[in-house]
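Each ligand, and each atom within it, is numbered from 1 in the order the structure gives. This is a predicted model, so every value here is computed, not measured.
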Amino acid sequence: ITDVTNTKELEKLRAADRLKTDFIATVSHELRTPLTAIKAYTETILADPESMDKDTLTGFLQIVYKESLHLESLLDELLDFAKLEQKAMVLEKSKFDLTELIMQVIQSMSEFARSKKVKLQCVKSKPIYIVADQKRIRQVLINLISNGIKYSKEEASEKYVKLSAETHQDSVIISVADNGIGIEKQHQNKIFEKFFRADSVFDYRTEGTGLGLAISKEIVELHGGQIWFESKPHEGTVFYVKIPQGE
Ligand code: ADP
């Protein structure tokens, strides 16, 4: 007699193991890309520093710096993921203006948006004061905006990511809308799972670990809020984040 329960358990363990192996492969690849650039540019500089004119040198160092920032954010994401697994993420709350934060984040992402020819817009609104962990809310916004930019349609002409925030009773609802590739029906219930990346994103050769939304969901839920989305494949996606204004 075969023990069905055990077989199922074993299958589950195997599946979890596969996910982890895939994840390690993805992460190693993600880490290698910026590292390769840093190595190559520093090697070029070191080979003959005297012969380099100042502009070329500055240009190279700017690339090295940008790639180090990318490495840093990948490592931060891994650490956050470890915290999420250990249920060890702690919020540091303070009162701040969410509208102001949104403007700052849009400013900081404008370069990335420009490089992908995506218009980053914000529906103007008045100050909205909330009590929350500003750093963590910033992280959620950056994740949603960068996904909106990453998963835009390569060939489309009027690409956008639009943000808005409005109060609703004692909460604030933030929306991040894009007219990108959208999410296929069969993937829609998986995108908040750790490690999950839709097959279509591999065709688009976008970078990512499949952790961003899992981390964002944890952050939003720690605030007593909710995160959800509406998406039409090939048309676009709108993510919503609802969090209590607090105090
Ligand atoms: P990553 O972007 O690193 O792959 P995320 O957890 O942020 O990981 O997202 C998980 C998956 O959800 C993505 O790989 C992609 O398939 C899908 N996804 C997320 N945001 C969008 C979006 N705005 N448009 C289309 N697909 C999206």
Report, in ascending order of atom number, the atoms of ligand 1 lying under 4.0 Å from any heavy atom of [X].
X    : answer
G210 : 1 (P), 3 (O), 4 (O), 6 (O), 8 (O)
T209 : 3 (O)
K150 : 1 (P), 2 (O), 3 (O)
I191 : 10 (C), 12 (O)
T237 : 24 (N)
F239 : 20 (N), 23 (N)
I183 : 25 (C), 26 (N), 27 (C)
G208 : 3 (O)

Inset, instruction - Only heavy atoms count here, so choose which of F195, F229, Y151, F192 is nearest to atom 27 (C) of ligand 1. - result: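 The option holding the nearest heavy atom is Y151.
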Legend entry - S216, G180, G182, G148: member with heavy atom nearest to atom 25 (C) of ligand 1: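 Shortest heavy-atom distance from atom 25 (C) of ligand 1: G182.
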Inset, instruction - For the residue pair M52 and T44, establish whether any side-chain heavy-atom pair is separated by less than 4.5 Å. - result: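 A side-chain contact exists here, since the closest heavy-atom pair is under 4.5 Å.
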Inset, instruction - Taking the side chain as every heavy atom from C-beta outward, state whether Q245 and V131 have any atom pair closer than 4.5 Å. - result: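 Counting from C-beta outward, Q245 and V131 never come under 4.5 Å.
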Legend entry - Among K119, K159, K117, the one residue meeting side chain to side chain contact (heavy atoms under 4.5 Å, CB included) with S152: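 Answer after filtering K119, K159, K117: K159.
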Inset, instruction - Return the orientation label for the F60 and Y41 ring planes: parallel under 30°, perpendicular over 60°, tilted otherwise. - result: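 Plane angle over 60°, so perpendicular.
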Inset, instruction - Name all residues meeting the side-chain contact (heavy atoms from CB on, under 4.5 Å) criterion together with E11; count only those two or more places apart in sequence or in a different chain, and write none if there are none. - result: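 Applying side-chain contact (heavy atoms from CB on, under 4.5 Å) to E11 gives R14, R18.
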Legend entry - Residue list, side-chain contact (heavy atoms from CB on, under 4.5 Å) with K217, at least two apart or on another chain: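 Partners of K217 under the side-chain contact (heavy atoms from CB on, under 4.5 Å) test: F192, E221, I227.
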Inset, instruction - Answer yes if the side chains of S175 and S164 hold a donor-acceptor pair under 3.5 Å, and no otherwise. - result: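 A pair is found: one side chain offers a donor N or O, the other an acceptor, under 3.5 Å apart.
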Inset, instruction - Please state which part of L144 comes within less than 4.0 Å of ligand 1, counting heavy atoms only: side chain, backbone, both or neither. - result: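 Contact part for L144 vs ligand 1: neither.
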